[in-house]
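Worksheet: one structure, shown below.
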Amino acid sequence: LLPALATSGGPLMDRLRSAVSLVGHGQGFRPWLDIPPAELRANALQVCAAVPTLIMALYRLGEGLDPVDPDPELGYGANYLWMLTGERPDAERARAVEQYQMLTIDHGFNASTFTSRVITSTGADLAAAVTGGIAALSGPLHGGAPARALDLLDAIGTPENARPYLVDAVTKGEKIMGFGHRVYKHGDVRAGILKTYARAAAQKAGTLEWEDTADTIERVMAAEKNMFPNLDWPAGRLYHALGLEIPIYTPIFALSRVAGWAAHVIEQVGNNRLI
């Protein structure tokens with residue numbers, strides 16, 4: 001079924017959602033109410049291991065390419081890049097992806113994690129909870145923001161255009177993707193960490209123009225709206241500098257967040273009440 005799913009068209013996140021559901025079905029996942037904790041943990045490890053392979057297989061098959069088998073000698077982030085290109089990534093590229101994964105593995109009761117816990121609270125199997133998490137993450141206001149942050153950079157272009165563009169956009173009530181956060185009202189520390197990796201990757205790629213424009217945008221947003229970047233703001237620039245295609249931006253988020261969802265499932269099971 002995987003080749004048919006890969007070439008069916010539509011967003012990669014939609015195909016990933018279906019593929020994870022197939023994994024749960026094919027591996028015989030059962031409602032957690034009917035299995036011991038060790039089996040639930042094994043289910044969690046199975047899904048976490050399968051997701052990066054599924055993403056890259058679906059992506060490459062959709063592009064008319066053969067999937068690349070995972071390399072057991074590579075780490076989680078490095079393997080993702082290996083399965084994308086068939087070339088072993090250098091240590092800096094692998095570390096940049098791993099840093100993003102560490103920063104996004106969990107973030108409390110965000111939309112996708114809450115969705116996963118609601119599903120878990122009914123006694124459903126782990127694949128059902130993760131599938132629901134992927135569905136919630138696929139929304140532009142949750143997992144799709146990095147790509148839309150790049151649209152903003154592309155529209156502004158040079159640092160000189162930043163202030164007039166943003167003042168006009170804010171006056172019209174338009175949402176500035178990559179800025180503001182429900183929790184981090186005074187700045188997202190994760191954004192500052194990832195910004196360092198984004199600039200280093202851009203410098204290596206010889207594409208620092210967007211970094212300079214991004215710095216100006218940050219200053220204007222702080223001065224005009226008292227709003228600060230969230231993690232999505234540098235994430236899109238990092239992906240771009242690493243040469244990654246936009247269709248796999250949100251799946252990279254899913255790649256890390258699946259471990260967080262699995263951990264939340266196990267925690268919910270430990271003291272469950274129906275939500």
Margin query: Would you compute the distance between atom CG of L126 and atom CZ of F29 and round it to the nearest 0.5 angstrom?
Written below: 6.0 Å

Margin query: Are the side chains of E245 and E63 in contact, using a 4.5 Å heavy-atom criterion?
Written below: no

Check: Which atom pair, heavy atoms only, marks the closest approach of A254 to L16?
Finding: CB-CD2, 4.1 Å

Item checked: Minimum heavy-atom distance between A136 and T115, given as atom pair plus value -> CB-OG1, 3.7 Å

Check: Do L81 and L244 have side chains that get closer than 4.5 Å, going by heavy atoms?
Finding: yes

Next item on the list: Would you indicate whether the side-chain heavy atoms of M56 and V68 approach each other to under 4.5 Å?
Entry: no

Next item on the list: Kindly write out the residues that satisfy salt bridge (Lys or Arg N to Asp or Glu O under 4.0 Å) with D66, not counting sequence neighbours, or none if the list is empty.
Entry: none

Item checked: Heavy-atom pair with the smallest gap, counting every atom of L12 and P251 -> CD2-CG, 3.7 Å

Checklist line | Step-by-step side chain to side chain donor-acceptor pair (under 3.5 Å) determination, Y100 to Y197 | finding: CA-CA 9 Å; Y100 174 80; Y197 286 87; over 6 Å; no

Checklist line | Joint cluster assignment, L40 & L33, ILVMFWY side-chain distance < 4.5 Å | finding: yes

Margin query: Let's go through D125 and R30 carefully: what are the C-alpha distance in whole Å and the side-chain angles of both, what is the deciding distance for side-chain contact (heavy atoms from CB on, under 4.5 Å) to 0.1 Å, and is it a yes or a no?
Written below: CA-CA 5 Å; D125 68 79; R30 295 183 292 164; 5.7 Å; no

Note to self: Can you pull out every ring pair (Phe, Tyr, Trp, His ring centres under 6.0 Å) where at least one residue sits in residues 116-173? Sequence neighbours excluded, please.
What the structure shows: H142-F253

Notebook entry, point to check: In terms of hydrophobic clusters joined by side-chain contacts under 4.5 Å, are F228 and L153 together?
Noted result: no

Checklist line | Any donor-acceptor N/O pair, R60 side chain to L84 backbone, under 3.5 Å | finding: yes

Check: Nearest 0.5 Å, what's the CG-CZ distance between N230 and R190?
Finding: 7.5 Å

Notebook entry, point to check: Roughly how far apart are M227 CE and E218 CD, rounded to 0.5 Å?
Noted result: 12.5 Å

Notebook entry, point to check: Is there side-chain contact between I217 and I176, with heavy atoms separated by less than 4.5 Å?
Noted result: no

Check: With distance as the sole test, does T216 use its side chain to make a donor-acceptor pair with the main-chain N or O of P159 at under 3.5 Å?
Finding: no

Next item on the list: Return the minimal non-hydrogen interatomic distance between A78 and P89, and the atom names on each side.
Entry: O-CG, 3.6 Å

Item checked: Validation row: R17, T131 side chains within 4.5 angstrom (heavy atoms) -> yes

Notebook entry, point to check: Linking Ile, Leu, Val, Met, Phe, Trp and Tyr by side-chain heavy atoms under 4.5 Å, what else ends up with Y184?
Noted result: V183

Between side-chain atoms of residues 257-270 and protein atoms elsewhere (two or more places apart, or another chain), which donor-acceptor pairs fall under 3.5 Å?
unit_1	atom_1	unit_2	atom_2	d
R257	NE	T104	O	2.7
R257	NH1	N110	OD1	3.1
R257	NH2	T104	O	3.2
W261	NE1	S112	OG	3.2
H264	ND1	R117	NH1	2.8
H264	NE2	D106	OD1	2.8
E267	OE1	R117	NH1	2.6
Q268	OE1	R117	NE	2.8
Q268	OE1	R117	NH2	3.0
Q268	NE2	N272	OD1	3.0
Q268	NE2	R273	O	3.4

Notebook entry, point to check: Does the side chain of E39 come within less than 4.5 Å of W32's, by heavy atoms?
Noted result: no

Check: Does any non-hydrogen side-chain atom of Y80 lie less than 4.5 Å from one of I55?
Finding: yes

Margin query: Is it the case that the side chain of T122 and the backbone of V118 share a donor-acceptor pair, with hydrogens and angles ignored and the cut-off at 3.5 Å?
Written below: no

Item checked: Under 3.5 Å: donor-acceptor pair, side chain of T113, backbone of F109 -> no

Check: Would D151 and R148 pass as an ion pair if we require N to O under 4.0 Å?
Finding: no

Next item on the list: Compare every heavy atom of A147 with every heavy atom of I246, then report the nearest pair and how far apart it is.
Entry: CG2-CB, 3.9 Å

Margin query: Once rounded to the nearest 0.5 Å, what's the spacing between atom NE2 of H186 and atom CG of N226?
Written below: 8.0 Å

Note to self: Less than 4.5 Å apart, side chain to side chain, heavy atoms only: is that true for L141 and K175?
What the structure shows: yes

Check: Residues in salt bridge (Lys or Arg N to Asp or Glu O under 4.0 Å) with D215, at least two apart?
Finding: K195, R199

Next item on the list: Nearest 0.5 Å please: distance from the CG atom of L274 over to the OG1 atom of T120.
Entry: 11.5 Å

Notebook entry, point to check: If two hydrophobic side chains count as joined below 4.5 Å and joins carry through other members, does Y59 share a cluster with Y76?
Noted result: yes

Note to self: So does G157 get a backbone contact from the side chain of T213, meaning a donor-acceptor N/O pair under 3.5 Å?
What the structure shows: yes

Notebook entry, point to check: Is there a path from V23 to I119 through hydrophobic residues (I, L, V, M, F, W, Y) whose side chains come within less than 4.5 Å of each other?
Noted result: no

Margin query: For a side-chain contact (heavy atoms from CB on, under 4.5 Å) check, start with the C-alpha distance between E224 and R163, then their side-chain angles and the critical distance, and finish with the verdict.
Written below: CA-CA 9 Å; E224 297 293 332; R163 192 176 188 284; 2.6 Å; yes

Item checked: Donor-acceptor pair, side chain of D188 and main chain of L231, under 3.5 angstrom -> yes

Check: Can you name the nearest heavy-atom pair linking E211 to A202, along with the distance?
Finding: CG-CB, 3.8 Å

Next item on the list: Answer with yes or no whether the hydrophobic clustering places V170 together with M177; edges join I, L, V, M, F, W, Y residues whose side-chain heavy atoms lie under 4.5 Å apart.
Entry: no

Next item on the list: Can you sort out the partners of W210 under ring pair (Phe, Tyr, Trp, His ring centres under 6.0 Å), two or more places apart, ordered by chain and number?
Entry: H240

Notebook entry, point to check: Which value, rounded to the nearest 0.5 Å, describes the distance between R15 atom CZ and L22 atom CG?
Noted result: 14.0 Å

